Amino acid sequence: MSTEDPKTAGTDFIRQIIAQDVASGKYERIVTRFPPEPNGYLHIGHAKSICLNFGVARENPGGRCHLRFDDSNPETEEIRFVEAIKKDVKWLGFDWGEHLYFASDYFEDLYGFAVRLIQGGKAYVCGLSEEEIRRHRGTVTVPGLNSPYRDRSVSENLDLFARMRAGEFPDGKHVLRAKIDMASPNMKMRDPLLYRIRHIPHYRTGDKWCLYPMYDFVHCLSDALEGITHSICTLEFENNRELYDWIIENVPAPSRPRQYEFARLNLNYTVMSKRKLMELVEGGHVTGWDDPRLPTIAGIRRRGYTPEAIRNFSDRIGVARSNSVVDASLLEHSIRDDLNTKVPRVMAVLDPIRLVILNLPVGQILELEAPNFPDDPSKMGFRKIPFSRELFIERSDFMEDPPKKFFRLAPGKEVRLRWAFFVTCVDVKKDAEGDVVEVHCTYDPETLGGDAPDGRRVKGTIHWVSVPHAVDAQVRLYDRLFSVPDPEEDKEAGFIRNLNPDSLKIVTARVEPSLAGASRGDRFQFERTGYFIADEKDHASEKPVFNRIVPLRDSWGKISAKV
RNA sequence: UGGGGAGUCGUCUAAUGGUAGGACAGCGGACUCUGGAUCCGUAUGUGGGGGUUCAAAUCCUCCCUCCCCAGCCA
């Protein structure tokens, strides 16, 4: 488990309950669990739950958190998702140690509990069809009707249940239901289904079973079997808690776990449900589950986010019981905050235009040096940056007719080239269409290193790369996947239409030669531009590929937008 | 409409009868070889009406709004 996090700030309501339980001596140790279903990839909402469950376990002496795959539906679950989920949890910095579990390992125990329920007259085999069961359930305002099979004898139920297991019946022929109350105001308590027949092989148990338990039966008993003390889930399971307790109380459960619910994470400008994520992936709207624009852990990782940033984000958003939507800017702040002190600075020109230094001879090359961590005296480190007559600068750093507060290059204006010299624009060269293709300058050799001996100051500093030394790199400029804060706003129209057409722009950038030595996964700040990572799949030293993790805050952008 | 939940700055979240605080976003300024970072300052909030109390975000009451539940998904 990670230890470098600052002490978790919040004493949220979950931690308060646990603190009380610890103080009262209710439990010997705190045991939580993170219970994903292996039918898809984890997303940042799961990260919140992971940080909560593993965090709580870490904060309490002797505490532990289990990783349990809630795999009782053979139709959708796959081993590849198990592996992906394990990788993601580890990457986030958490360790379940010996405590890796599968609900499917409990099938035999669970079956035994079901038998006990039947023996106690608390469950029955129902032969109603799916449609009939639905009709008998009633509605939120109309009580349900008892199943005609509700009063079968214990022995008949036992016999039928055994034959269900033995495979004597086709899918849907019978189900096992709890005998509770068809008139309960809580729909979850209207004789809920406990087992269904599915003649489908399970990714772990193979053909051993054709009878599979349902979530409400599996979850509480898995918790009890593992000695979970605090079973933390999301708000939509609030109505299930009554059933959770009912089952625990009506079987000889080995322990007495309690369920607590918190609000799941919502983020604006994205979607979070597995179904919608699946639609984006399968519809080809993104390149895969690890597309850097997706809020999946795999996507966020490939985008270049760090686990520290995600954990800090998780601390910052807190844990509460009211539905909420967190602003994407908080996530962006978390990664900038982390990377700012960690990654080296380099220069890269994303949208190049040539700058020619008229008073520097053709072929002359100056070997300059630039610090890798200009703001951190404890991290020395320099790299060579060659300087020559022709440079690339950012197209947006020159304007022929600049507005008032534009501090960059313009005819007659002097700026500093980062770690090099002052240059003054004396002329421009245009093409047939009248567009500027070259910016002509003179440089002041006295300003080597970036300061003028005569005390002269400049307002702007711009980055640059020497033309003959520049390395081409593919740069993927990622932006928000959706162009509106709430992509699901209009349920009818769907969320796909709200996709941001500019969520990915690929450019060929000219980067400083030191970047030729970058390895996959290396992160940098491209000065004045943003944070970037060498792509974990596509980057190669012969063909560099960088993903933009997040742009730098841009106060000029705000000023220029107003003008 | 039955039941279960939730309403605090723009956003997220504290305050558990006693000065409504923090973070992000915003705005203003300082500083700066990144219009970055950093630092300083600043505006904005208890859904509404009654009530209890010396004192209410907090307790009572009525109302309003939003979310969840009618899968053989989890």
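Nothing here was measured: the structure is a model prediction, and the numbers come from that model.
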Separation between the [atom1] atoms of [N] and [M], rounded to whole Å:
N: B:A37; M: B:G47; atom1: C1'; answer: 40 Å
N: B:U44; M: B:U11; atom1: P; answer: 16 Å
N: B:U58; M: B:G51; atom1: P; answer: 14 Å
N: B:G45; M: B:C40; atom1: C1'; answer: 24 Å
N: B:A56; M: B:G49; atom1: C1'; answer: 15 Å
N: B:G21; M: B:A15; atom1: P; answer: 14 Å

Is [X] side chain donor-acceptor paired with the [N] base, going by distance under 3.5 Å alone?
X: A:Asn323; N: B:G5; answer: no
X: A:Arg408; N: B:G35; answer: yes
X: A:Arg316; N: B:U13; answer: no

With a 4.0 Å limit, can you tell me whether [X] has a side-chain N or O closer than that to the phosphate oxygens OP1/OP2 of [N]?
X: A:His463; N: B:U34; result: no
X: A:Ser555; N: B:G36; result: yes
X: A:Lys558; N: B:G26; result: yes
X: A:Ser72; N: B:A74; result: yes
X: A:Arg196; N: B:C73; result: yes
X: A:Arg321; N: B:G5; result: no
X: A:Gln16; N: B:A15; result: yes
X: A:Ser324; N: B:U13; result: yes
X: A:Arg15; N: B:A14; result: no
X: A:Arg134; N: B:G71; result: yes
X: A:Arg275; N: B:A74; result: no

May I have the distance from [X] (atom [atom1]) to [N] (atom [atom2]), rounded to whole angstrom?
X: A:Asp337; N: B:G36; atom1: CG; atom2: C1'; result: 13 Å
X: A:Met187; N: B:A70; atom1: CE; atom2: C1'; result: 3 Å
X: A:Trp246; N: B:G4; atom1: CH2; atom2: P; result: 20 Å
X: A:Gln259; N: B:A74; atom1: CD; atom2: P; result: 15 Å
X: A:Trp419; N: B:G36; atom1: CH2; atom2: P; result: 16 Å
X: A:Phe532; N: B:U34; atom1: CZ; atom2: C1'; result: 13 Å
X: A:Asp397; N: B:U34; atom1: CG; atom2: C1'; result: 11 Å
X: A:Phe407; N: B:U32; atom1: CZ; atom2: C1'; result: 13 Å

Would you mind classifying the nucleic acid contact of [X] as base, sugar-phosphate or nothing, using non-hydrogen atoms under 4.0 angstrom?
X: A:Ile133; value: base
X: A:Thr141; value: base
X: A:Leu235; value: nothing
X: A:Arg336; value: nothing
X: A:Val218; value: nothing
X: A:Leu330; value: sugar-phosphate
X: A:Asn239; value: base
X: A:Val325; value: sugar-phosphate
X: A:Glu261; value: nothing
X: A:Arg553; value: sugar-phosphate
X: A:Glu37; value: sugar-phosphate
X: A:Lys405; value: base
X: A:Glu527; value: base
X: A:Asn268; value: nothing

message = Any non-hydrogen side-chain atom of A:His46 less than 4.5 Å from a side-chain atom of A:Ile85?
response = no
Counting heavy atoms from C-beta on, name the nucleotide in [options] closest to the side chain of [X].
X: A:Arg137; options: B:A74, B:A70, B:G35; result: B:A70
X: A:Val175; options: B:U11, B:C72, B:G35; result: B:C72
X: A:Met214; options: B:A37, B:G71, B:G35; result: B:G71

Partner of [N] by Watson-Crick or G-U wobble geometry, both contacts under 3.5 Å, or none?
N: B:G41; answer: B:C27
N: B:C9; answer: none
N: B:G2; answer: B:C69
N: B:U16; answer: none

request  = Verify whether the ring centers belonging to A:Phe237 and A:Tyr244 lie closer than 6.0 Å.
outcome  = no
Would you call [X]-[Y] a salt bridge at under 4.0 Å N-O?
X: A:Asp397; Y: A:Arg528; answer: yes
X: A:Arg383; Y: A:Glu369; answer: no
X: A:Arg137; Y: A:Asp191; answer: no

ask   = Going by distance alone, is a donor N or O of one side chain under 3.5 Å from an acceptor N or O of the other, for A:Gln525 and A:Glu527?
value = no
Looking at [X] and [Y], would you say the former's side chain and the latter's main chain have a donor-acceptor pair under 3.5 Å?
X: A:Ser104; Y: A:Arg204; value: no
X: A:Glu394; Y: A:Asp351; value: yes
X: A:Trp464; Y: A:Arg418; value: yes

request  = Report the residue (A:Pro374 or A:Glu242) whose heavy-atom-nearest nucleotide on RNA chain B is the more 5′ of the two.
outcome  = A:Glu242
key: Residue whose nearest RNA chain B nucleotide is more 5′ - A:Tyr531 or A:Gly172   = A:Tyr531
task = Taking all non-hydrogen atoms of both residues into account, name the closest pair between A:Val271 and A:Pro295 and its distance.
result = O-CG, 3.3 Å
Base orientation of B:G50, syn vs anti, 90° cut from 0 = anti
query = Any stacking of A:Trp556 on B:G35, going by centres under 5.5 angstrom and planes within less than 30 degrees?
reply = yes
